[in-house]
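Down below is the structure, laid out as structure tokens.
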Amino acid sequence: MVENAQVVKADSRPIKHLPGRTLRWLVDRSVGTTATAVLENLLPPDGFVPSHYHGVEEILVCIEGQGEFQVDGRTHKFSEDDIIIVPPRRMHGFRNVGDKHMRVLAIFSSADPDVTWQDSRYAANLWRSDSTLHGS
């Protein structure tokens, strides 16, 4: 638990390469947060985050690029400066549809958010940097 304010250097956080994207947990329980986590997703052109859901609310903030977001079988376009609010337990995913890299921050209302992948092949690719914190 963080008792005083602290600075976490983004470039000091581990980077993980997964199919369709690169991710980096900027903050989570491993650095002392107790109620939130922030994940940075970097997607090349045609990159993707496969369909999944969490037990907690997720806020997605598009920092760069343009994409298509799918939730519950519906597709929505989103791009730089757009924010998506994803309620708990709603199947969702997104794809980079532009010709440049896409950068999306995912903010969770948990310091250790869970994940359930629609396609179980992605479960083998642990999305957490810290081996004690992992997706299902």
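Positions are given from 1 along the sequence.
Distance alone, capped at 3.5 Å, places no donor-acceptor pair between the Asp114 side chain and the His54 backbone. Although no hydrogens or angles enter the test, the distance criterion places no donor-acceptor pair under 3.5 Å between the side chain of Thr33 and the main chain of Ala35. The closest donor-acceptor contact from the side chain of Gln66 to the backbone of Asp99 lies at 3.5 Å or more, if one exists at all.
Listed by chain and number, the residues in a salt bridge (Lys or Arg N to Asp or Glu O under 4.0 Å) with Asp11 amount to none (sequence neighbours excluded). Residues passing the salt bridge (Lys or Arg N to Asp or Glu O under 4.0 Å) test with Glu57: none are found, sequence neighbours excluded. Take Arg89 and apply the salt bridge (Lys or Arg N to Asp or Glu O under 4.0 Å) test, not counting sequence neighbours, and it matches no residue. In this structure, the side-chain contact (heavy atoms from CB on, under 4.5 Å) partners of Leu42, at least two apart in sequence or on a different chain, are Thr22, Glu40, Arg103. Listed by chain and residue number, Glu68 satisfy the side-chain hydrogen bond (donor to acceptor under 3.5 Å, both in side chains) test with Lys77 (two or more places apart in sequence, or in another chain).
Here the side chains of Val31 and Gln6 are in contact, with some heavy-atom distance below 4.5 Å. Inter-residue side-chain proximity for Pro50 and Trp117 is flagged as met; some heavy-atom pair is nearer than 4.5 Å. The shortest side-chain heavy-atom distance between Val56 and Pro113 falls under the 4.5 Å cut-off. Between Glu58 and His52 the shortest side-chain heavy-atom distance falls below 4.5 Å. Within the 4.5 Å cutoff, the side chain of Leu39 has no heavy atoms near those of the Arg24 side chain.
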Check the pair Tyr53, His92 against ring-ring contact (aromatic ring centres under 6.0 Å, His included), reporting the backbone distance first and the verdict last.
CA-CA 6 Å; Tyr53 67 88; His92 64 282; 8.5 Å; no
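Once rounded to the nearest 0.5 Å, the distance linking CG of Asp81 with SG of Cys62 reads 8.0 Å. Here the CD1 atom belonging to Ile15 is positioned 12.0 Å from the CG atom belonging to Leu18, to the nearest 0.5 angstrom. Put simply, OG on Ser79 and CG on Asn96 are 11.5 Å apart, with the number rounded to the nearest 0.5 Å. The CG atom of Asn41 lies 8.5 Å from the CG atom of Leu105; values are rounded to the nearest 0.5 Å.
Ser30 and Asp28 share a side-chain donor-acceptor pair at under 3.5 Å. With no hydrogens or angles considered, no side-chain donor-acceptor pair links Thr36 and Arg29 at under 3.5 Å.
By the rule that hydrophobic residues join a cluster once side-chain heavy atoms approach within less than 4.5 Å of another member, Ile63 and Ile85 end up as members of one cluster.
Between Pro44 and Gly20, the closest heavy-atom pair is CD-O, 3.7 Å. Looking at every heavy atom in both residues, Trp25 comes nearest to Ala37 through CZ3-CB, 3.8 Å. Contact record, Pro45 with Gly98: CB-O, 3.6 Å, taken as the closest heavy-atom pair.
The residues Arg90 and Asp72 are annotated as salt-bridged, a charged nitrogen and a carboxylate oxygen being separated by less than 4.0 angstrom.
Summarising the hydrophobic clusters (Ile, Leu, Val, Met, Phe, Trp, Tyr; side-chain heavy atoms under 4.5 Å, direct or chained), the residues clustered with Phe94 are Leu43, Val49, Leu60, Phe69, Val71, Phe78, Ile84, Val86, Met102, Val104.
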